[in-house]
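Data first, discussion second: the structure below is written as structure tokens.
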Number of protein chains: 2
Amino acid sequence: MDIDHPEVNVLQAEFRALPDVLYQSLRESILNGSLPPGSELRQELIAKQFGVSRVPVREALSRLQAEGLIILRPRRGFAVTSLDLAEIIEVFELRMVLEQHALETATRLRTESDVLAVEALLTAMESLDPQAEGYLPAWLDVNREFHNRLIASARRQRLSTLTINLRDTIEPYVRIESYFTGQVDDAAAEHRALFAAFKDRDATRAGEISRDHCLGSMNRLVDSIRRHGLSPVMMTPKKSRRAR
Amino acid sequence: MDIDHPEVNVLQAEFRALPDVLYQSLRESILNGSLPPGSELRQELIAKQFGVSRVPVREALSRLQAEGLIILRPRRGFAVTSLDLAEIIEVFELRMVLEQHALETATRLRTESDVLAVEALLTAMESLDPQAEGYLPAWLDVNREFHNRLIASARRQRLSTLTINLRDTIEPYVRIESYFTGQVDDAAAEHRALFAAFKDRDATRAGEISRDHCLGSMNRLVDSIRRHGLSPVMMTPKKSRRAR
DNA sequence: TTTCCATAAATCGTATACAAAATCGGCGGC
DNA sequence: GCCGCCGATTTTGTATACGATTTATGGAAA
């Protein structure tokens, strides 16, 4: 029996270079709101914070750009993507189509262990104390894992990546919304219904619930934006002196 | 009247840096088969060919990687993505879902000029001489533009990008298949039917035709692969001396 | 005081340089 | 004759350096 086991996945996980670390860290900062939409990303600053040069920083930024999380203004640097209402709605449209398909496939192909894992996340989500400190971010995290685990049951790598990507794109806006409303658990019943259909292998119904769930999330967010605007923190109050 | 006009779009188009040129060129080479799946991409070689350093090359490669067209083996360089049959089918599944949705939306939102532009591409495609030199690649190019133009009528930027991306991912395999079969125009009737539904604003029907069209393309390609394998040129006959 | 322009500082994009790892070759052992 | 090991070469990944462009600053003129 060999002791040292340079497994393939270990190699891929362990040996990932600096750009990957930077990519993950920056991505997380964007998703959890530390870098709100509109923030400018100074390469030198990021490089210093991580103790590296600007080269791997640029590589990580390139990836985030291809993913759509940040945009590049030539010669003017990167900035966190700031979506307007129409773009947010478009992302939700895509999520509706893809997640309906994903849940149909997942429900058809799921195993027993999928059901157990999803149920564990569901009960974890439900048993969070709404009064506890940091409830909202914790709920959002578990909610995210719940949906990811459901979709992962479809065993479709690209489908999973795409769907997660789209959800992450609007995650900052959902998080900001949650600070206004202070509520997130409007969809508790939908989650239970979705899990029931998933468990009962009712693929069509699971797909429909998932699509409607997306639609509900979209409506809540759009309403909130219509009421509160796109949140002051998103607007970069840059004084543009010259129109030029 | 000012002579020098540093227009915004000029800045964005003209001033696009080297990575963009490299990205486009490499992307084209992958799609048209110059760089078949499995090809290894040596940074130094590419840099020399374009007369630049490796830095912008790496940036272009990063983007292609995020797009899924190439993969990175850490410390072992980039290579053109080589899909197995299951992955090809997964991409087609996604295309079916997304293109059905895209055509429904496009048919609902299309304008008269959309119809004219699409029709022009359709007739251009039909009027190509099957006996002419270079017919197959030309047909594939026009066909690509035809579908892109249809989807662009939906006026959904992300949807268009995603769909085009997915089609491009399997484009090399379709091109290779066409060399075996020597035929590509099996779908001429489908194209006409799709255009008719598009013109008649029959969104549901347009979506269905599009999905079925995808399905047909998939079946033809899968059949071809089952008969001929994934083409010898795709297999990188690397002798892996050490498992380690 | 406001506007304009020139100069300075900051920032980006790319080239070059260097260290670490992988690949390729030959060599010896079995 | 085949397998495994060791050094040279290649290739990657990162740091540093430098020119070009943008943004900020300060002073002079209206």
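Below, chain A is the first sequence line, B the second, and so on; all start at residue 1.
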Report the distance from atom [atom1] of [X] to atom [atom2] of [N], rounded to the nearest whole Å.
X	N	atom1	atom2	answer
D20(B)	dT14(C)	CG	C1'	15 Å
L72(B)	dT12(D)	CG	P	10 Å
E59(A)	dT14(D)	CD	P	7 Å
R63(B)	dG13(C)	CZ	P	11 Å
Q65(A)	dC12(C)	CD	C1'	14 Å
R42(B)	dT10(D)	CZ	C1'	9 Å
F78(B)	dT11(D)	CZ	C1'	12 Å
Y23(A)	dG13(D)	OH	C1'	20 Å

Anything under 3.5 Å between a donor and an acceptor, one on a side chain of residues 49-56 of chain B, the other on a protein residue two or more places apart or in another chain? List them.
residue, atom, partner, partner atom, Å
S53(B), OG, V55(B), N, 3.3
R54(B), NE, Q43(B), OE1, 3.2

Watson-Crick or G-U stems involving DNA chain D, each at least 3 pairs long, distances under 3.5 Å, ordered by first number: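 Looking at DNA chain D, the stems formed by three or more consecutive pairs are C:1-30 with D:1-30.
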Any salt bridge linking [X] with [Y]? Criterion: basic side-chain nitrogen under 4.0 Å from a carboxylate oxygen.
X	Y	result
R175(A)	D141(A)	yes
E67(A)	R63(A)	no
E59(A)	R58(B)	yes

First encountered from the 5' end of DNA chain C, between V55(A) and G77(A):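 Its nucleotide being nearer the 5' end, the pick is G77(A).
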Near-strand residues of residues 44-54 of chain A, defined as heavy-atom separation under 4.0 angstrom from DNA chain D: V52(A), S53(A)
Toward the 5' end of DNA chain D, by each residue's nearest nucleotide, Q43(B) or R76(A): Q43(B)
Reported CD1-to-CG distance for the pair I225(B) and L221(B), which is rounded to 0.5 angstrom: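 It is 4.0 Å, given to the nearest 0.5 Å.
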Those residues that, when tested against T111(A), pass side chain to side chain contact (heavy atoms under 4.5 Å, CB included) (two or more places apart): S113(A), D114(A), R155(A)
Side chain to side chain contact (heavy atoms under 4.5 Å, CB included) partners of T105(A), counting only residues at least two apart: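 Per chain and number, T105(A) pairs via side chain to side chain contact (heavy atoms under 4.5 Å, CB included) with H101(A), R108(A), L109(A), A154(A), R156(A).
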Counterpart residues, ring-ring contact (aromatic ring centres under 6.0 Å, His included), relative to F146(B) (two or more places apart):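 F146(B) satisfies ring-ring contact (aromatic ring centres under 6.0 Å, His included) with H191(B) only.
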Sugar-phosphate only, base, or nothing, as touched by L41(A) at under 4.0 Å among non-hydrogen atoms: sugar-phosphate
From L162(A), I170(A), T169(A), residue fulfilling side chain to side chain contact (heavy atoms under 4.5 Å, CB included) relative to R95(A):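 Only match with R95(A) under side chain to side chain contact (heavy atoms under 4.5 Å, CB included): I170(A).
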dT11(D) OP1/OP2 closer than 4.0 Å to side-chain N/O of R75(B):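 Answer no for this pair, as no side-chain N or O of R75(B) is under 4.0 Å from OP1 or OP2.
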Phosphate contact (dC12(C) OP1 or OP2) by R58(A) side-chain N/O below 4.0 Å: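 R58(A) to dC12(C) OP1/OP2: no side-chain N or O under 4.0 Å.
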